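Take a look at the structure set out below.
Since the model is a prediction, treat every value here as computed from it, not as a measurement.
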Amino acid sequence: MGRAYDSGDTLILVAIEDELPRGFLPDWNVVYMGVGKFNATYHGMEAIREFAPKTVVNYGSAGSVRDDLTGIHEVSVFKQRDMDVRVIDVPLGKTPFDPISTIDNGRGGLSVGTGDSFVTQAPELETDLVDMEAYVLAKICKLQGIEFHCYKFISDKADGQAAGDWKANLAKGAGLFSDIL
């Protein structure tokens, strides 16, 4: 995680301010997009148009599907966990007629499955983490030719206690993320 970022040409996209309060990075371009794939797509694109960044960094909370993960991690493989058209013989997580279903930036980080549901049990699609925004941001950046980085703070274990754990841990990664920048 030793990469240096430049506040002048880097856009930081975060779902909600509770994950990264504005005061943590006062000299950076931080945009709060809202929760979910639609909000990430719409507000992420608007922010990219406004700031024209060389690099986009997504930071946020994520549930861990693995028991051995805590803290903050770089994510480098992005999948859609709620794309399910197996009924027409398309594998889980793949978008029909779209050559880009999984994005791998080759940096050796963890994998995340993005979907518009709060996960309280291990999803069928195999990933290390689950979230609600990263896949669409990775895809937008890939299509726009923008360097993309993603860091997720493990807020919960994507289990029956996930909702309470997420609320309790939501803001705990902000300092760790600030240290990375």
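- A salt bridge links Glu74 to Arg107: at least one charged side-chain nitrogen sits closer than 4.0 Å to a carboxylate oxygen.
- Using a 4.5 Å cut-off on side-chain heavy atoms (C-beta onward), Thr70 and Lys157 make contact.
- Considering only heavy atoms from C-beta on, Thr10 stays 4.5 Å or farther from Asn29 through its side chain.
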task = For side chain to side chain donor-acceptor pair (under 3.5 Å), just list the numbers for His149 and Tyr5, CA-CA rounded to whole Å, side-chain angles, deciding distance to a tenth of an Å, and then say yes or no.
result = CA-CA 10 Å; His149 295 261; Tyr5 296 96; 3.2 Å; yes
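- Among the candidates Arg86, Gln80, Arg81, Lys79, the single residue satisfying the side-chain contact (heavy atoms from CB on, under 4.5 Å) test with Met83 is Gln80.
- Taken from CG in Asp165 to NZ in Lys167, the straight-line distance is 11.0 Å, to the nearest 0.5 Å.
- In this structure, Leu20 is a member of the same hydrophobic cluster as Ile180, with clusters built from ILVMFWY side-chain heavy atoms closer than 4.5 Å.
- Under the 4.5 Å side-chain heavy-atom criterion for grouping Ile, Leu, Val, Met, Phe, Trp and Tyr, Phe78 is not connected to Val14 through any hydrophobic cluster.
- Taking the side chain as every heavy atom from C-beta outward, Ile12 and Leu181 approach each other to under 4.5 Å.
- In plain terms, the two heavy atoms of Pro96 and Val85 that are nearest each other are CG-CG2, 3.5 Å.
- Asp159 has its side chain out of reach of Thr120: every pair of non-hydrogen atoms, C-beta onward, lies at least 4.5 Å apart.
- Under the 6.0 Å cut-off for aromatic ring centres, Phe177 and Tyr59 qualify, their centroids lying closer than that.
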task = Check step by step if side chain to side chain contact (heavy atoms under 4.5 Å, CB included) holds for Ile48 and Phe51.
result = CA-CA 5 Å; Ile48 287 169; Phe51 292 100; over 6 Å; no
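- In this structure, CG in Leu13 is found 4.0 Å from CG in Leu11, a value given to the nearest 0.5 Å.
- Closest heavy-atom contact between Ala134 and Phe148: O-CZ, 4.1 Å.
- A salt bridge links Lys152 to Asp131: at least one charged side-chain nitrogen sits closer than 4.0 Å to a carboxylate oxygen.
- Rounding to the nearest 0.5 angstrom, the gap separating the NZ atom in Lys139 from the OG1 atom in Thr114 is 12.0 Å.
- Applying the 6.0 Å contact sphere to CD of Glu17 captures more than 12 heavy atoms from other residues, nucleotides or ligands.
- When all heavy atoms of Asn169 and Phe153 are compared, the closest pair comes out as O-CE2, 3.5 Å.
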message = Please evaluate residues Met132 and Asp82 with respect to the criterion side chain to side chain contact (heavy atoms under 4.5 Å, CB included), reporting the C-alpha separation (whole Å), side-chain torsions for both, the decisive distance (0.1 Å), and the verdict.
response = CA-CA 10 Å; Met132 299 176 84; Asp82 60 357; over 6 Å; no
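- Asp116 contributes a side-chain N or O that, together with a main-chain N or O of Lys37, makes up a donor-acceptor pair within less than 3.5 Å.
- Taken from CD in Glu133 to CZ in Phe38, the straight-line distance is 13.5 Å, to the nearest 0.5 Å.
- For the pair Thr102/Lys94, a side-chain contact is recorded, criterion being any heavy-atom separation below 4.5 Å from C-beta on.
- Considering every non-hydrogen atom in both Gln121 and Val119, the closest pair reads O-CG1, 2.9 Å.
- Hydrophobic clustering (side-chain heavy atoms under 4.5 Å, transitive across Ile, Leu, Val, Met, Phe, Trp, Tyr) keeps Val65 apart from Ile154.
- A distance-only check finds no donor-acceptor pair linking the side chain of Ser64 to the backbone of Leu129 [under 3.5 Å].
- In the hydrophobic cluster analysis, where Ile, Leu, Val, Met, Phe, Trp and Tyr join through side-chain heavy atoms closer than 4.5 angstrom, Met45 is grouped together with Tyr135.
- Heavy atoms only, all atoms of each residue included: Leu170 and Glu19 are closest at CD1-CG, 3.3 Å.
- Proximity of a side-chain donor or acceptor of Ser111 to a complementary backbone N or O of Asp128 within less than 3.5 Å is detected.
- When atom types are taken as modelled, the side chain of Tyr32 and the backbone of Arg22 share a donor-acceptor pair closer than 3.5 angstrom.
- Annotation: the span from Asp156 atom CG to Gln161 atom CD amounts to 10.0 Å, rounded to 0.5 Å.
- Linking ILVMFWY residues whenever their side-chain heavy atoms come closer than 4.5 Å, directly or via other members, places Leu110 and Leu137 in the same cluster.
- No donor-acceptor contact under 3.5 angstrom links the side chains of Asp27 and Ser7, judged on distance only.
- In this structure, Phe118 places its CZ atom where more than 12 heavy-atom neighbours from other residues, nucleotides or ligands lie under 6.0 Å away.
- Looking at every heavy atom in both residues, Ala138 comes nearest to Ile103 through C-CD1, 3.9 Å.
- Put simply, CD1 on Ile146 and CG on Asp9 are 11.5 Å apart, with the number rounded to the nearest 0.5 Å.
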task = Report the C-alpha separation of Ser61 and Trp166 in whole Å, then their side-chain angles, then the decisive distance to 0.1 Å, and conclude whether the side chain to side chain donor-acceptor pair (under 3.5 Å) test is met.
result = CA-CA 8 Å; Ser61 58; Trp166 177 78; 3.0 Å; yes
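- Between Val57 and Tyr151 there is a side-chain heavy-atom pair separated by less than 4.5 Å.
- The pair Lys54-Asp6 fails the salt-bridge criterion, with no side-chain N (NZ, NE, NH1 or NH2) lying under 4.0 Å from an Asp/Glu carboxylate O.
- The shortest side-chain heavy-atom distance between Val30 and Leu25 falls under the 4.5 Å cut-off.
- A donor-acceptor contact shorter than 3.5 Å is absent between the side chain of Asp104 and the backbone of Val77.
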